[in-house]
Number of protein chains: 4
Amino acid sequence: MPQRKTQPQRASAPGRRRELLSLAAEVFAAHGYDATTVRRIADEAGMLAGSLYYHFDSKESMLDEILSTFLDELWEGYDTVLAAGLGPRETIEALVTESFREIDRHRAAVAIYQKESRQLAAQPRFRYLTVSQERFERAWLGTLERGVADGCFRADLDVRLAYRFVRDTVWVAASWYRPGGGHTPEEIARQYLSMVLDGIAVRA
Amino acid sequence: MPQRKTQPQRASAPGRRRELLSLAAEVFAAHGYDATTVRRIADEAGMLAGSLYYHFDSKESMLDEILSTFLDELWEGYDTVLAAGLGPRETIEALVTESFREIDRHRAAVAIYQKESRQLAAQPRFRYLTVSQERFERAWLGTLERGVADGCFRADLDVRLAYRFVRDTVWVAASWYRPGGGHTPEEIARQYLSMVLDGIAVRA
Amino acid sequence: MPQRKTQPQRASAPGRRRELLSLAAEVFAAHGYDATTVRRIADEAGMLAGSLYYHFDSKESMLDEILSTFLDELWEGYDTVLAAGLGPRETIEALVTESFREIDRHRAAVAIYQKESRQLAAQPRFRYLTVSQERFERAWLGTLERGVADGCFRADLDVRLAYRFVRDTVWVAASWYRPGGGHTPEEIARQYLSMVLDGIAVRA
Amino acid sequence: MPQRKTQPQRASAPGRRRELLSLAAEVFAAHGYDATTVRRIADEAGMLAGSLYYHFDSKESMLDEILSTFLDELWEGYDTVLAAGLGPRETIEALVTESFREIDRHRAAVAIYQKESRQLAAQPRFRYLTVSQERFERAWLGTLERGVADGCFRADLDVRLAYRFVRDTVWVAASWYRPGGGHTPEEIARQYLSMVLDGIAVRA
DNA sequence: CATGAATGAGTCTTCATTCAT
DNA sequence: CATGAATGAAGACTCATTCAT
C-alpha cells in the first residue's frame, strides 16, 4: 500500500485525511477553535472522538495542517502574481483577485486565520504565521509604495494605513462570503477594486 | 437595545466594578473570551478567582456588561448623528468619525465585539447584539442608498457590498489600533474617509 | 506451578512467537509493564499493534507467558539442586549460582518479575507467582535453618531476615546486570557468595 | 493569612498538603505510580479528583515533591554522618543505620524510589535523582575503598560489586519493611550489618 | 499473517462556580 | 469584601482491543 512520505505520522488514506480536515475546518470556522470540541468534529465525521487520533495527533495539529495548507496555496498564487512583473496597480488588482479566489477555495481556513492567527502566532509551532504575515506586508506595502512613486496611487496617503485598509477590506470578506452565493470571486474582486481604487463617492 | 440586567446581588462600589470590568475587557480582548480564565482576570485584579463572584455573578455577565455598556455609548453617539439631519455624505463622514472615536474609547470592547459577537448572538441573553446589528445595518445601508439616490455616491455599486466594505473597513481597525499611537481618531477617520470616498488611485 | 494456558487461537510459528516474546520482555523490562504500549512492542517487531493479536490474545498474556516460561526454567534448575542431597552451605552456593545463571539467561524476565510480581500476584491469573514464591521461601528458609542446626551458619541470626537478605541480594542484581559485561554469572556468584557467607570485613 | 513562600504555586495549609502527599505516597507505593489514578488518591482523601489540583499542579508534581522531600532528608542525615570524620567501618555502620531510619520514616517514598527512579531519571524534571545517585555512589564507594586501603575491609573484593551488594541489600528492605513490626530500624540495621560485615557463615 | 481503521473505556487536567469563614 | 477549599462537568488524549479486508 503506498505510504506517501508526505503524510505525517501514521498514514491514512489521503482522501479520508483531507475529508476530515475539511470537516474540522468547517467546524472551527463556525464555532471558533477553542469552542470546538474534538467530539464535535468526530460526530460530524460519524466516528468517536478517540478515533480522530488515528489520523491526527492532536486537535492543534489539525488546525496546523488546515492553516499551513491554506497558506501554502495562497503563496503559490501570490508568488505567481508577484513574479509576473506587473505594474503596481495591476499587481494590486491581481493580488486582490487572487485573494478572493483563495477565500472562495478556503473560506473556512481564511475565517479561522482571521480569528485565531494573532493568538496562535505567539506559539512557536505557529511561527510560520508571523513569517507569512511579514512577507504579506512586504508584498502589499512595497507595491503600494511603488505605486505612489509611480504616480499611480495618491501621494497624500499614509501608506501603512492604506495597507491595512486594503488588507482588512479584502480578508474580512471571508467572514460573510458564502461560495455559490450569486457572486463569483472575480466579480466581488472587481467591485472591491472599484471601491478601493476609485472610492464610493461620485467624482467631482 | 441592551437589556438592563438585574444588578449583582450584593452591591459593590461602582468604581471598583468599572475598574474590574475594564480589566476583564482588556484580558478578553487580548486572549479571547473562551481562552480567558476567570482566574486570570482575578490575578490581574490582585484577588482570587472566587472573589470576583462577589462583584459579578458569572464570567458571562462580565462579558455582557462590557458589550452592552459599549453598545449603549455607541448608539448614543450614532443617534445624535442620525438625528442631525445631515446629507448622506456628511452622515457617513460623521458615522465613521464617531466610530473611530468609539474605537478609541472602547478599544477592548470593540475587539471583543468583533471576535465574539457572531457566536454570542445565537444565545438569547445576547439577542441585543443582533438587534443592534440590524439597526446598524439599516442606518448605514439607508444612508448609502440615500446617497446613491442623491447622486453623491456612485450608482454602479452593489450597495450591500459597499455597506460591508465600509463597515468592515472601519471596525477591523480596532484590531490594530493602539490609543495614543500618533494618530487621533479624527485623523484616522479623515484618512479612511478619504480612501473610502475617493479611492487610493490617482484620478484620471 | 505455571498453568498451561490455552495456546493462542490461531497457530503461529513457534520461532516467531518466541522472538516476539523476547522483544516484549525487553521492552517491559526497560520501561515497565504499564508504561509499555502494545504499539511500542509492535514497532520494535516491525508490525502494527493490531497484528500482535494474531499471535497473542492480550498484552497480559504476553506478560504471563514471559513470566511463566522463566519460572518453569528456574524451577527446573532449582529442583535439580534441591534434589542433589547437598549440605546446607553447598545448597546455598548452588542456588545462588543457579540464580545468577537464570539472571543471565532471563535478565528481562527477572527484571519484570522483580518490579511487577507483587502487584500481579493479586490477580487470579498470576496466582502461580505466589505459589512459586512460597516454594521459593520454603526452599531457602529451610536450607538456612538446616544450616543453623548443622552449625555451618551462625546461630545468632534472625533467619527470616537472613532469608530476605540473601534473596534480595541475589535477585536485585538483575536490575544492573548486563550479560556479556566482563563477569560471567559464575564469577558474580562466587563474589556474592564470598560476601554473603564471610562478610566484607576482614576477619579479626 | 501567612503565605509561606516555601510553598509552591497556590498556598494550601502546609498540614493538608503534607497529609495529601503522605496519602499519595502510600498509594503510589502500593500500586505503582503509573497504575495509580489521580482519582484513587482523591478517593482516599475524601475529595474529588479535580480538587487535588487545587493543591498540586499535576500527578507528577506530587511524585516529585514526595521524592525530593525524601532525598532532602536523606542527605541531611548522610551528610551529618559523612562529616563526622569516622573510620570506614564506622561510616558504613552509620550509613546503614541512617538508611534504615530513613526507610522507617519514609517507607513509601523509598519504595517508590526503588521502583520508579530508573525511568524517572531520564526526565529532565527528575535529573536530581541521577545527581543524588551519583553522590550516593561516591559516598559509599569511597568509604569502601578507604576501608580496603585501611585494611579493615577485605582486599580481595570487587569494590563495585561490593558497593552494589551493600546498597541493594539495604534499600530493598523498604519493599518488605513494615514500621512498628517488632523490629526497630536500629535492630534491623545491626542484624544487616552483622551479616554484611561478617557474613552468615560460621567462622572457620 | 498483516494492515488500516475504528471502538470505548478510562486518564489527567481545566475551569467556572459555590460557600463557609 | 475577600480567602481557601472544594465541586462537578467537561475536554483532550491514550490505549488495548477488534475486525473486515
Side-chain angles (χ1 to χ4, degrees), chain A residues 1 3 10-13 16-17 20 34-42 45-62, chain B residues 10-13 16-17 20 34-42 45-62, chain C residues 10-13 16-17 20 34-42 45-62, chain D residues 1 3 10-13 16-17 20 34-42 45-62:
Chain A
M1 199 97 314
Q3 181 144 329
R10 315 165 185 93
S12 65
R16 187 79 172 117
R17 196 183 179 74
L20 291 171
D34 283 319
T36 297
T37 70
V38 156
R39 218 192 103 206
R40 178 72 188 267
I41 300 173
M47 54 169 65
L48 291 179
S51 308
L52 276 175
Y53 289 80
Y54 177 77
H55 302 276
F56 307 96
D57 34 52
S58 67
K59 183 185 170 189
E60 200 183 71
S61 82
M62 291 188 230
Chain B
R10 317 169 192 80
S12 68
R16 187 78 172 120
R17 192 184 180 73
L20 290 172
D34 283 320
T36 297
T37 70
V38 159
R39 215 186 116 207
R40 176 75 187 262
I41 300 173
M47 55 170 65
L48 291 183
S51 309
L52 276 175
Y53 287 79
Y54 177 81
H55 301 277
F56 307 96
D57 29 60
S58 69
K59 184 185 171 188
E60 203 183 66
S61 82
M62 291 187 230
Chain C
R10 318 167 192 80
S12 68
R16 186 78 172 122
R17 191 184 181 74
L20 290 172
D34 284 320
T36 298
T37 70
V38 159
R39 214 188 116 206
R40 176 75 186 262
I41 300 172
M47 53 169 67
L48 291 182
S51 309
L52 277 175
Y53 288 79
Y54 176 81
H55 302 277
F56 307 96
D57 28 62
S58 68
K59 182 185 172 188
E60 202 183 67
S61 82
M62 291 187 230
Chain D
M1 198 100 313
Q3 180 143 330
R10 315 167 185 91
S12 65
R16 188 76 171 121
R17 195 183 178 74
L20 291 171
D34 283 320
T36 298
T37 69
V38 155
R39 217 192 104 204
R40 178 71 187 267
I41 301 173
M47 54 169 65
L48 292 180
S51 308
L52 277 175
Y53 288 78
Y54 177 78
H55 302 277
F56 307 96
D57 34 52
S58 68
K59 183 184 170 190
E60 200 183 72
S61 83
M62 291 187 229

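Below, each value reflects all heavy atoms present in this structure, side chains not excepted, and no hydrogens, waters or symmetry copies. A, B, ... follow the sequence lines: proteins, then strands. Residue 1 opens every chain. The structure displayed is predicted, hence computed values, not measured ones.
A straight line from CE of B:M47 to P of F:dG4 spans 13 Å, rounded to a whole angstrom. The CG atom of A:L48 sits 14 Å away from the P atom of F:dA12 (whole-angstrom rounding). E:dA2 atom P lies 11 Å from atom CZ of C:F56, rounded to whole Å. When the C1' atom of F:dG11 is taken as reference, atom CD1 of A:I41 falls 12 Å away, rounded to whole Å. Rounded to an integer number of Å, the gap from CZ of A:R16 to C1' of E:dT3 is 17 Å.
Counting all heavy atoms, side chain and backbone alike, A:L52 lies closest to A:V38 at CD1-O, 3.6 Å. The shortest heavy-atom contact between B:S51 and B:H55 is O-CD2, 3.8 Å. Closest approach of B:S58 to B:Y53, counting heavy atoms only: CA-CE2, 3.9 Å.
In terms of phosphate contacts, D:H55 brings no side-chain nitrogen or oxygen within less than 4.0 Å of OP1 or OP2 of F:dG4. Not one side-chain nitrogen or oxygen of D:Y54 sits closer than 4.0 Å to the OP1 or OP2 atom of F:dA6.
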ask   = Which dot-bracket string describes DNA chain E (Watson-Crick N1-N3 plus N6-O4 or O6-N4, or G-U N1-O2 and O6-N3, all under 3.5 Å; [ ] crossing; | other strand)?
value = .||||||||||||||||||||

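Here OG1 of B:T37 is found 7.5 Å from NZ of B:K59. Values are rounded to the nearest 0.5 Å. Distance CG/B:L20 to CE/B:M62: 8.0 Å, rounded to 0.5 Å. Distance check: B:R16 CZ to B:Y54 OH gives 11.5 Å after rounding to the nearest 0.5 Å.
The 5' end of DNA chain F is approached more closely, in terms of each residue's nearest nucleotide, by B:L20 than by the other of D:G46 and B:L20.
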inquiry  = Please encode protein proximity along nucleotides 13-21 of chain E as a string of B, S and -, counting only heavy-atom distances under 4.0 Å.
reply    = BBSSBB---

